[in-house]
Q: 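Below you'll find the structure I mean.
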Amino acid sequence: MAASSEYGGTDTNVIPSPYKPSSLLPIARHRQALLYLVEKYPITIVVGQTGSGKTTQIPQYLHQAGWTGDGKIIACTQPRRVAATTVAARVAEEMGCRLGQEVGYSIRFEDMTSSHTVIKYLTDGLLLREILIDPLLSRYSVIMVDEAHERSLSTDVLLGILKKIRKRRKDLRIIISSATLQAEDFVHFFVDGDEYEGAKALGMADMQDVRIIQGKEDEKRVLAKMNYMGQELARVISLEGRMFPVDILYLEDPTDDYVEKAVQTVFDIHLREGDGDILIFLSGREEIETCISAIHDRMSALHPRTPKLIPLPLYAGLSTDQQMAVFEPADPPTGRKVIVSTNIAEASVTIDGVVYVIDSGFVKIRAYNPHTGVETLTATAISKASATQRAGRAGRTRPGKCYRLYTEEAYQGLRETSVPEVQRSNLAPVILQLKALGIDNIVRFDFLTNPPAELVSRGLELLYSLGALDDYARLTKPLGYRLAELPVNPALGKILLNSAKFGCVDQVLSIAAMITSQPVYVSHDESTLAHPQARRKFIAQEGDHLTLLNIFTAYTSPSHGARSAQWCHSHYLNARSLAKAVSVRAQLKRYLDKFSLPGPKGEEKDFLEKVSQEERIRRCIASGLFANAARMQPDGTFLGVGGEVRMWAHPSSVLFDRRVDWVVFGEVVETGRKVFIKDLTVVIKDWLVEYAPGFYQIKGGGHTL
DNA sequence: GAGCACTGC
């Protein structure tokens, strides 16, 4: 076959040593050195490849070395919930204790810790919330920020706050764990600018001070330089991983159809290479489905005695059952699994038995446009760091191969790392959180990477329009502080806080819980036609918010859904999301109870008694989403206030094929060539002016309707 | 007129 000869230049990542018991993990050799660094320096940067054991071992070493004396705790933060729970379980087992005793975890809705807990794994988002209650994190002796190289929004904010906390807590130790050479950014960040420049000016004369460094020669030099620069404050330690070598193969000529090329490569591997499952990285569901049906089509041309290919999709929108299929042994057992996945398999989900990786080189990235307020979801070239991570998925159980569906030249042209989230997100929630922590000057906040000024000013404007900030950009009391406390986006928070005034707290709690627990509907499959039928009885003419309320009410009603997964299944609803909505609702209710919001009084009350419950809810929604108003045009598209972008009702909306006038929407996303608005509710134009007089002015200034 | 990368509080 010709295709395999198209793969040219190879490059082997040699990462040493196969599986070893935990006492023989590569990290065990560095135990003393690591403890020495933590003792001596406030900040230690751990460069650890996959499989080095850093996440499970370092907290245990620290515990054994006495860092949990005086009732202090070691925290290890993770960007994802599953990681926090599974790692905690593993460490509890290694330490021979019950999970939740000495070793525990804490994630939203699940606090598996006790007064005996000394090692605590938690999501970084949750630790950020803890800072609101305990600003100096005084319970903790050591905070290890794991997977910092992923640069999630919460990790970045956490690092900035930790830098501040460190100045007031000399005893606190911070460990930052990161993949390879990005460690330099972290040293640079924690060592003040002047110190860094001064050290750089001195050059690299003093090299004797560098030790405990393993790994490739070039890496040694970079790490040595960083150690020198961060002398008094931060140290870097490098740990080798426990992975098998992976051969990297590139295309000799670029392809304009990587899905087709992926399919060809699958068959080449199947016919020419040894055993082992195949993992394909594509950008989204549509590509995955195209790829899977192409594999099915071409399988029939294979010789009947050839072992079967078993293509399996993997993306977040699938139900738990569908996702679990990729972990089950191949059926028939002689078959070869081909897992066709989105980026979810890059870091969130690990599948053993994969020996071959096929990498399209693309990922869908969300980016927020501060000028239009529109989020875009676009397929984008991955970074070199992602390419390495994807390739590594082939070397977990034995030596593997990675087929990159792009040329080596294209690889060289990739960015080193992806654009951090803080540079492409709506920053309103971050600003709110920082202000609640007393960090008022956002522009001067020490971010690892500064967000563009436009993102900051758009975030400030958004908060100002909601009344969360005053004319001096200070958090308002109580509104701003309450919005910061609520674990929902600021506009939704405002709806919740207004709900008492509109006399619809119970309904709005359910709606808010449903909105944050999407996706509510299961993704389409062959039985597409059955879906609208099964869901029709929930549809509210007033729009998506009231429809979600109907679904929630039916789901929780003992005589209907009775919170059963089976009921969800028969109505094409996502059981996981609905179960989550029940928890979210309870949590949000606790906040509203605590705030003890006043109900309507006087004229307000008299007026509300005259309008229907549906209208009260819609008015309440309009009072938070007023900035997201749009009017349907004769051609059926929507135009936002003061906007020129044509927008379509998203096909998931119950207003998708309906004719309406004014609506407010919860979200606007651009995919492909269209801008879609989601979570729509029909409103009356006058309500907008009534509830946001500062935002909408009838004459002069503001937005005119 | 017809579509949904991934996390997290």
Q: Using a distance-only test with no angle check, is there a side-chain donor-acceptor pair under 3.5 angstrom linking A:Q518 and A:D679?
A: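 Short answer, yes.
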Q: B:dG8 P sits how many Å from A:I515 CD1, rounded?
A: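 About 19 Å, once rounded to whole Å.
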Q: From the list B:dG3, B:dC9, B:dA5, which nucleotide is the closest neighbour of the side chain of A:K364?
A: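 Nearest listed nucleotide: B:dA5.
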Q: With a 4.0 Å cutoff (strictly under), does any side-chain N or O of A:S154 reach OP1 or OP2 of B:dC9?
A: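 No, outside the criterion.
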Q: Within this structure, what is the CD1-to-C1' distance between A:I344 and B:dT7, rounded to whole angstrom?
A: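 For the pair A:I344 CD1 and B:dT7 C1', the rounded distance is 10 Å.
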Q: Round to a whole Å and report the spacing from CZ of A:R366 to C1' of B:dG8.
A: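 In whole Å, B:dG8 C1' lies 11 Å from A:R366 CZ.
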Q: Base, sugar-phosphate, or nothing for A:R129, non-hydrogen atoms under 4.0 angstrom?
A: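 A:R129: base contact, heavy atoms under 4.0 Å.
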Q: State, without any angle test, whether A:R390 and A:N343 hold a side-chain donor-acceptor pair at a distance under 3.5 Å.
A: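 A:R390 vs A:N343: donor-acceptor pair found between side chains.
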Q: For A:R393 and A:T350, run side chain to side chain donor-acceptor pair (under 3.5 Å): C-alpha distance rounded to whole Å, both residues' side-chain angles, the deciding distance at 0.1 Å, then the answer.
A: CA-CA 8 Å; A:R393 293 308 195 172; A:T350 298; 3.0 Å; yes
Q: Measure from CG on A:L434 to C1' on B:dC9 and round the result to the nearest Å.
A: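 For the pair A:L434 CG and B:dC9 C1', the rounded distance is 14 Å.
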Q: Is it true that A:S283 and A:E287 share a donor-acceptor pair across their side chains at a distance under 3.5 Å?
A: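 There is such a pair between these side chains.
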Q: If I take atom NZ in residue A:K674 and atom P in nucleotide B:dG3, what distance separates them, rounded to the nearest angstrom?
A: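 Answer to the nearest Å: 6 Å.
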Q: Measure the distance from OH on A:Y315 to P on B:dC6 and round it to the nearest whole Å.
A: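 Result: 9 Å.
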Q: May I ask you to evaluate whether A:T123 reaches the phosphate of B:dC9, defined as a side-chain N or O under 4.0 Å from OP1 or OP2?
A: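 Answer is yes, contact under 4.0 Å.
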Q: Tell me: CZ of A:R285 to C1' of B:dG3, nearest whole Å?
A: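 Value for this atom pair: 7 Å.
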Q: B:dC9, B:dC6, B:dG3: which one has an atom nearest the side-chain heavy atoms of A:A316?
A: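 Side chain of A:A316 sits closest to B:dC6.
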Q: Please enumerate all residues that pass salt bridge (charged side-chain N to carboxylate O under 4.0 Å, His left out) together with A:R585, with sequence neighbours excluded.
A: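 A:D506.
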Q: Using a strict heavy-atom distance below 4.0 Å, which residues from residues 654-662 of chain A are in contact with DNA chain B?
A: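 Of all residues in residues 654-662 of chain A, the ones placing a heavy atom under 4.0 Å from DNA chain B are A:F656, A:D657.
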Q: Tell me whether A:K261 is salt-bridged to A:D257, with the criterion being a basic N under 4.0 Å from an acidic carboxylate O.
A: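 Salt bridge: no.
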Q: State whether A:E147 and A:R80 are salt-bridged, where the test is any N-O pair (Lys NZ or Arg NE/NH1/NH2 against Asp/Glu carboxylate O) under 4.0 Å.
A: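 Looking at A:E147 and A:R80, the cut-off is not met.
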Q: Any idea which of B:dA5, B:dG3, B:dC9 is nearest the A:P651 side chain?
A: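 From the listed options, B:dG3 comes nearest.
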Q: Provide, to the nearest angstrom, the distance between the CD atom belonging to A:E147 and the P atom belonging to B:dT7.
A: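 Checked: the CD to P distance equals 14 Å.
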